[in-house]
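Structure first, then comments.
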Protein chains: 2
Amino acid sequence: MIVLFLFVQIGMKIFMKNKKTTIHDIADELGVTASTVSRALQDHPRISDSTKEAVIETAEKLNYQPNNIAVALRKGKSNILGVIVPTADRNFFASIIRGIEEVANDAGYNVIICQSYDSFEKEKNNIKALLEAQVDGILASIAMETVEHSHYEKVLKKGVPLIFYDRVNESINASTVVIDDFLGAYRVVEHLIEQGYRRIAHFAGQQHINIYKERLRGYRQALRDHDLPIDENLIIESKLKIESGKNSTQKMLSLSTPPDAIFSASDYAAMGAIQVLKERGVSIPDDTAVAGFSNESFTSLVDPPLTTVDQHTNRMGKFAAELFLEQVKAEEGNFITRKTVLKPELIVRPSSLKEK
Amino acid sequence: MIVLFLFVQIGMKIFMKNKKTTIHDIADELGVTASTVSRALQDHPRISDSTKEAVIETAEKLNYQPNNIAVALRKGKSNILGVIVPTADRNFFASIIRGIEEVANDAGYNVIICQSYDSFEKEKNNIKALLEAQVDGILASIAMETVEHSHYEKVLKKGVPLIFYDRVNESINASTVVIDDFLGAYRVVEHLIEQGYRRIAHFAGQQHINIYKERLRGYRQALRDHDLPIDENLIIESKLKIESGKNSTQKMLSLSTPPDAIFSASDYAAMGAIQVLKERGVSIPDDTAVAGFSNESFTSLVDPPLTTVDQHTNRMGKFAAELFLEQVKAEEGNFITRKTVLKPELIVRPSSLKEK
DNA sequence: TCCTTTTGTGCAATCGTTTGTTCACGCACT
DNA sequence: AGTGCGTGAACAAACGATTGCACAAAAGGA
């Protein structure tokens, strides 16, 4: 009885776990050594065709799958790429991730995605986890909260390729890929001016973040270049959420002479503006135009569809991944850090298009 | 001269690569063995407090970071969780991922996300890549195209925990977490009936996918329970993209007696319906109500805001991850596969709310 | 026939950790 | 003094794959 019981137990275990097969199992099966199997699988020239065939055949028979962890340990290369993203559930970043993955996967890399939720602490933890996972490189967009960058310096010191996208920090000697936020903002404002708007407000983001600083700069420059006055009352800094957009819009409407156009540095705040304007019965775009930034997916769906700036996020992700690959390839030689700047694209939609 | 050159080279290398430090380095520094260091770092009781202290101190001094790959190899556990998702850039999945990550990270797991883009081939490749990466488990939502499931059976055979979320397949013996699509649909339709709508159309999804089948079933049942006739002309199957929603709506409008409400199995198709209805000057919700499914983020932003069903995606992700953790813990014993069904929540918004 | 290549494999070390076992030492107890 | 035991640390074998080197057999050349 007991014997029977044990038998059943063991039987189950064998059935259930089906022990992952290794090159040794293949070697045993064929009466060769593991090194021969390893070489055969790599199509090494010194292995005879007959054994290669045999190896491949039994590998399939045993349903062999290489253990990448062992390979990683031996080769000192994990084939894992770490990506740090403030939050993956915004279209902007999701699309960048997609771009990164397309390139990375094709090159044989797996991608680990970490979200910083814009928190400094989380970001530090992410870096730590990624380094411990022995990633071959890190692509990061700096968290809003982050003001001190020693954790990134540590990455460089370990010799791990580091590339920043979108939110970068100039003080760190790493390759970057960003879009030209200045130009994007400039084009939006220029478009509004061409449409005949003259009092253009700007919902600005927090100015310690380079992208928002640049957008404000583009706004100012466009006004200046078209000989329009810059009214500081028309510039409001906020966190650019929907709610902040609503608040800012209310403030604008209570001005003695409200703006006739709103250029928000974020689509979300622009959305808030649209909502408030509609509530108040202000016609868009006839009374007031609205434009956003980022081409979030909802912008084409709202009413009226929102003029915005596309940042070619997918391409941005691809670029970042390619920069990484380049860096890995050039590893032995001294590679040069590169700054890539992508041109944004103005997307004109009805929210700023006056019927003529 | 040559000597000098070599020196510089070596100097640079040391400077640049800063060789990752291992427990052996720590051991050498202190004149003990690596095993002692390893145990010290794990707070093993057989190591004296004094050495523990010394080890921790020099570990910090040398900026030591454990090599998880080596640990993984030794322990046969990678602490990596693989997630397969049709596409990460939809709110629904992004939010699930977020839920998964929250739980998984807390438990010390890294998460690798793979996108199948709803392709069968890609899904198979993803599985292969994840297995080769030696993930400790796989959470998956089955791709639209997938009709054959042997690649998933392989996962089970290898003894790798497998959990399905949202899109499941009953024939595979794995734990699942889904929402009650039947109930969600039922509630939407019931709500529409309560609002006084009588000819309710349904934009259905492809019926080989269980969630869409369930939604259709819920739709039918609700009508039946309220003694309303089921008109097959009011049921259109499509891929539920925005475009298909538009097409379906046009077909509906050309019926001799068009519906007075549209319940779409997806928010995207519902969005298409809204656009066409507005174009045609059909008032929503007075003439025709519209309701969707999934609570995509844009649904609250469009005009009119869209009635839909929230699937508690974040919670769903968390549940899936927790199921995985449970399974790992119970590993040695025979764990029982569990089917978890979450209750969806009806979100009523103006697109179906008649002013009374 | 003898020597040199070439060809096909095996041997063993290695990547960085973990962990079962062994071992030396010191202390207490009889 | 001899025995026994608890402590603290070293030894060595893994985990699965890769790879420089050694080495035998076959092939080719003189």
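Within 4.0 Å (heavy atoms only), Val32(A) reaches sugar-phosphate atoms of the nucleic acid but no base atom.
Donor-acceptor pairing under 3.5 Å is recorded for the side chains of Asn169(A) and Ser171(A). Between the side chains of Ser150(B) and Glu148(B), at least one donor-acceptor pair of N or O atoms lies under 3.5 Å. Side-chain contact check for Lys158(A) and Gln65(B): at least one donor-acceptor pair (N or O, by modelled atom type) lies under 3.5 Å.
The phosphate of dC15(C) (OP1 or OP2) has no side-chain N or O of Gln134(A) nearer than 4.0 angstrom. Proximity of Ser48(A) to the phosphate of dT9(C): a side-chain N or O atom is located under 4.0 Å from OP1 or OP2. Close to dT19(D), at under 4.0 Å from its OP1 or OP2, lies no side-chain N or O of Ser38(A).
Atom-to-atom, CG of Asp28(A) to C1' of dG10(C) comes out at 14 Å; the value is rounded to the nearest Å. One interatomic measurement links the two molecules: CG of Leu131(A) to C1' of dG16(C), which rounds to 16 Å at whole-angstrom precision. As rounded to whole Å, 14 Å separates atom C1' of dG16(C) from atom CD of Gln65(B). Regarding Asn68(B), its CG atom lies at a distance of 11 Å from the C1' atom of dT17(C), rounded to whole Å. Rounding to whole angstrom units, CZ of residue Arg46(B) and C1' of dA10(D) are separated by 13 Å. dG6(D) atom C1' lies 15 Å from atom CD1 of Ile47(B), rounded to whole Å.
A salt bridge links Lys128(A) and Glu132(A); the closest N-O separation between the charged side-chain nitrogens and carboxylate oxygens is under 4.0 Å.
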Close N/O contacts between protein and nucleotides 11-16 of chain D (under 3.5 Å):
unit_1	atom_1	unit_2	atom_2	d
dC11(D)	N4	Ser35(B)	OG	3.1
dA14(D)	N3	Arg74(B)	NH1	3.2
dC15(D)	O2	Arg74(B)	N	3.2
dG16(D)	N2	Ala70(A)	O	3.2

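Taking for each of Leu41(A) and Asp49(B) the nucleotide of DNA chain D with the nearest heavy atom, the 5'-most of the two is the partner of Asp49(B).
The distance from atom CD of Glu170(A) to atom NZ of Lys339(A), rounded to the nearest 0.5 Å, is 5.5 Å.
For the pair Phe93(B)/Tyr165(B), a side-chain contact is recorded, criterion being any heavy-atom separation below 4.5 Å from C-beta on.
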### Task
Kindly determine whether Arg338(B) and Glu326(B) satisfy salt bridge (Lys or Arg N to Asp or Glu O under 4.0 Å), including the steps that lead there.
CA-CA 10 Å; Arg338(B) 285 229 308 242; Glu326(B) 251 178 54; 3.3 Å; yes

